[in-house]
Amino acid sequence: MLQGSNIFGHERPLVVRVSFSACVLGTVCLPLLGLIICVFISSVFHFEDATGTHCQVPNYLPSISASISLSPECYIWRFCIGLHSAPRFLVAFTYFKLYKSRFASKFPESPLSCLNLGFSISENLGLLLLTYVSSSETYFVHKEGFVLFIISSLIHMLITCRLWKAIKKYSLSPEDAKSHNWKVRFLLLNVCFCAFCYMSYLVVFSNMAFHLTAMWDFKSREVMVISSSEDKDF
């Protein structure tokens, strides 16, 4: 929603309002849409390159790593993740602010809030690293980015479930209870899928679903961008 007008010759600041739920949904849909497009292109146009292995094991679907390493798939994936990363940092700090307001002086929730922020940031950085350094360019760096992403995401989800268990305990809102229950389910699914390499798609989808629960956590909030009429800065 846009707000802004000119009253008595004075321009009022332009205000852009977006519901936080819509922001979260768009943030999660970007990598989901990018992945679907990359896998489709790899399956249709680069099937042999995307499914070939050194040990000659037949693959019927391109791996995620292969799908985002070919061209033009890699550029599509980088574009989606580039747009996706900034809102991810915004969501991470919004969660941190929420936790600090609820657990200002409580132990262990207060230090866990700081750890949660750190692992949320490192998860996003790991995703950026494995995205912009493909396996075909520098395999070691790509692999380390993937390891950082997986480990950080698992720890982040684990800490998040612990914090929301405390929130659920003292909250009367059914939305908080529902959010905690679904977070635990997606965490368990993610851990189970991580145990099997061929379930890499399900690992990614369960990770996305976990982050989508933020729609319940910030249902009534909005993201606002305000432009100043004096110095034109945002």
Side-chain angles (χ1 to χ4, degrees), residues 24-25 27-40 42-43 50-51 53 55 57-69 77 80-81 84-85 88 91-92 95 99 108-109 112-113 115-131 135 139 142-169 174-217:
V24 170
L25 181 61
T27 301
V28 175
C29 284
L30 277 170
L32 176 61
L33 180 62
L35 179 61
I36 292 174
I37 293 174
C38 290
V39 172
F40 175 78
S42 297
S43 300
T51 58
T53 61
C55 55
V57 176
N59 285 332
Y60 304 100
L61 192 66
S63 67
I64 294 177
S65 180
S67 297
I68 64 175
S69 298
W77 179 248
C80 291
I81 295 301
H84 158 89
S85 61
R88 275 287 297 275
V91 172
Y95 266 117
Y99 297 146
E109 287 81 8
L112 282 177
S113 302
L115 279 177
N116 193 59
L117 175 63
F119 281 109
S120 180
I121 292 175
S122 64
E123 176 189 358
N124 202 21
L125 292 177
L127 180 60
L128 287 170
L129 185 61
L130 70 89
T131 294
S135 58
Y139 177 75
H142 178 84
K143 182 184 73 174
E144 294 302 313
F146 177 78
V147 171
L148 177 64
F149 169 73
I150 291 295
I151 294 178
S152 298
S153 66
L154 286 173
I155 298 176
H156 163 68
M157 287 189 285
L158 182 63
I159 296 176
T160 299
C161 288
R162 171 61 180 81
L163 292 172
W164 278 90
K165 181 181 179 181
I167 291 175
K168 174 185 174 182
K169 182 178 179 181
E175 292 292 326
D176 291 340
K178 180 171 70 172
S179 179
H180 171 258
N181 293 336
W182 278 105
K183 281 178 170 64
V184 172
R185 292 168 186 169
F186 290 133
L187 169 62
L188 294 176
L189 286 174
N190 196 266
V191 171
C192 292
F193 295 149
C194 281
F196 301 95
C197 296
Y198 63 87
M199 289 188 172
S200 58
Y201 284 95
L202 298 179
V203 171
V204 172
F205 292 150
S206 59
N207 179 278
M208 292 179 183
F210 185 94
H211 289 293
L212 198 60
T213 61
M215 293 179 62
W216 296 322
D217 304 335

When the aromatic ring centroids of His84 and His211 are compared, is their separation below 6.0 Å? no
Nearest atoms (heavy-atom pairs only) where Phe210 meets Leu187: CD1-N, 4.2 Å
Please tell me if the side chains of Val147 and Leu130 come closer than 4.5 Å, counting only heavy atoms from C-beta onward. no
What do the steps show when you test Ile151 against Glu123 for side-chain contact (heavy atoms from CB on, under 4.5 Å), and what is the final call? CA-CA 8 Å; Ile151 294 178; Glu123 176 189 358; over 6 Å; no
Approximate separation, where rounding is to 0.5 Å, of Ser179 OG and Trp164 CH2: 4.5 Å
Salt bridge check: are Lys183 and Asp217 linked by an N-O gap of less than 4.0 Å? yes
Spatial distance of atom NE2 (His156) from atom CG (Asn124) [nearest 0.5 Å]: 10.0 Å
Shortest non-hydrogen contact from Ile159 to Leu112? CG2-O, 3.5 Å
Would you name the heavy atoms of Asn190 and Ser206 that are closest together and state the gap between them? ND2-OG, 2.8 Å
When rounded to the nearest 0.5 angstrom, what distance separates CD in Glu175 from NE2 in His180? 15.0 Å
Which value, rounded to the nearest 0.5 Å, describes the distance between Leu129 atom CG and Leu148 atom CG? 7.5 Å
Passing option when Glu109 is tested against Lys165, Arg162, Lys169 for salt bridge (charged side-chain N to carboxylate O under 4.0 Å, His left out): Arg162
In the structure I gave you, are the side-chain heavy atoms of Val39 and Tyr201 within less than 4.5 Å of one another anywhere? yes
Go through it in stages, so that I can follow the logic: the residues are Trp182 and Trp216, the test is side-chain contact (heavy atoms from CB on, under 4.5 Å), and I'd like the CA-CA distance, side-chain angles, deciding distance and then a yes or no. CA-CA 10 Å; Trp182 278 105; Trp216 296 322; 3.5 Å; yes
Taking every non-hydrogen atom, the tightest pair across Phe205 and Leu35: CE2-CD2, 3.9 Å
Grab the two heavy atoms, one from Phe119 and one from Ser152, that are nearest each other, plus how far apart they are. O-CB, 3.6 Å
Quick check for you: to the nearest 0.5 Å, what is the distance between Arg88 atom CZ and Leu127 atom CG? 6.5 Å
Set out, in order, the CA-CA distance, both residues' side-chain angles and the distance that settles side-chain contact (heavy atoms from CB on, under 4.5 Å) for Thr213 and Phe186, then state yes or no. CA-CA 10 Å; Thr213 61; Phe186 290 133; 4.1 Å; yes
Tyr99 to Ser113 - nearest heavy-atom pair and separation: CB-OG, 3.1 Å
Report the distance from atom CG of Leu212 to atom CG of Asn207, rounding to the nearest 0.5 Å. 11.0 Å
